[in-house]
Amino acid sequence: MLYSEKVIDHFQHPRNQGVLDKPSAVGQVGNPVCGDIMKIYLQINNGIIEDIKFETLGCAAAIAVSSALTELVKGKTLDEAYKITKDKIVNDLGGLPPAKIHCSMLGVDALHAAIDNYRQKTKGAVK
Ligand code: FES
């Protein structure tokens, strides 16, 4: 089989899919090769990611990665979340076919973009 059961489960029942009304930060990245786009919304309080949602226009692996990522990230500090690697997500999903590894990179990049966006916005602000 091409995809692990966990990938198929996340693809068919995505966790935390959608948008946040008043996000603390948003990050969006696209892969120019396959054209897939991923957007991550973060709700941050006291340096903790309290809520996260995603919108992904992309392949099954990209949707599964987004969904698994939101579960890994929720409740973590910004620093902890930033350290989550694509390998961690791929392992969590029980592996991805080699041609789909770039889809997991999209997840990490979108999360980093959202955290960078937050840090940019709050730079110099009293937290
Ligand atoms: Fe590009 Fe999956 S094929 S993100």
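We count ligands from 1, going down the list as the structure has it; atoms in each ligand are counted the same way. Position 1 is the first residue of the sequence, and the numbers go up from there. Computed from a predicted structure; not experimentally measured.
The nearest N, O or S atom of Cys34 is closer to atom 1 (Fe) of ligand 1 than 2.8 Å. None of the N, O or S atoms belonging to Cys103 lies under 2.8 Å away from atom 1 (Fe) of ligand 1.
A distance-only check finds a donor-acceptor pair linking the side chain of Ser4 to the backbone of Leu93 [under 3.5 Å]. A donor-acceptor contact shorter than 3.5 Å links the side chain of Asn117 to the backbone of Val26. Using a distance-only test at 3.5 Å, with no hydrogens or angles considered, a donor-acceptor pair links the side chain of Ser67 to the main chain of Arg15. With Lys121 contributing its side chain and Ser24 its backbone, the two residues share a donor-acceptor pair below 3.5 Å.
Each of the atoms 2 (Fe), 3 (S), 4 (S) of ligand 1 lies under 4.0 Å from some heavy atom of Cys59. Heavy-atom proximity to Ala62, at under 4.0 Å, picks out these atoms of ligand 1: 4 (S). Near Lys100, the atoms of ligand 1 lying under 4.0 angstrom from a non-hydrogen atom of the residue are 3 (S).
In terms of protein heavy-atom proximity, atom 4 (S) of ligand 1 is nearest to Asp36 OD2, 2.9 Å.
Annotation for Glu71 and His10: closest pair OE1-CE1, 3.4 Å, computed over non-hydrogen atoms.
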